[in-house]
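See structure below.
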Amino acid sequence: MTETAEPIRTAEPQIIADALQVIDSALGGFLHRELVSSGEITDVLLDVRTLLRRSDDAVGLAVASTKSDGAVARA
């Protein structure tokens with residue numbers, strides 16, 4: 001049996017740029033510190049996750065809109 005892999009969805013370039021900016025900003029702030037709390041790391045990871053989910057939600061809405069447009073066209 002051959003299984004097909006789920007297609008990889010690419011986030012919009014602006015959302016990727018925003019996520020990279022959050023990461024770069026956090027790394028810049030952590031650079032000169034010896035200790036960084038797990039809470040601060042969690043905050044950064046949640047910020048990045050939120051940005052990337054925003055992209056995933058936009059893709060989901062676009063797919064749902066396309067499917068509903070097709071249903072209307074067939075009716």
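Considering CG of Leu46 and CG of Leu51, their distance stands at 11.0 Å, rounded to 0.5 Å.
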Show me the side-chain donor-acceptor pairs of residues 15-29 shorter than 3.5 Å, one per line, residues at least two apart or across chains.
| from | atom 1 | to | atom 2 | distance (Å) |
| --- | --- | --- | --- | --- |
| Asp18 | OD1 | Gln14 | NE2 | 2.8 |
| Asp18 | OD2 | Arg54 | NH2 | 3.3 |

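Contacts of Leu45 classified as side chain to side chain contact (heavy atoms under 4.5 Å, CB included), with partners at least two apart in sequence or in another chain: Ile41.
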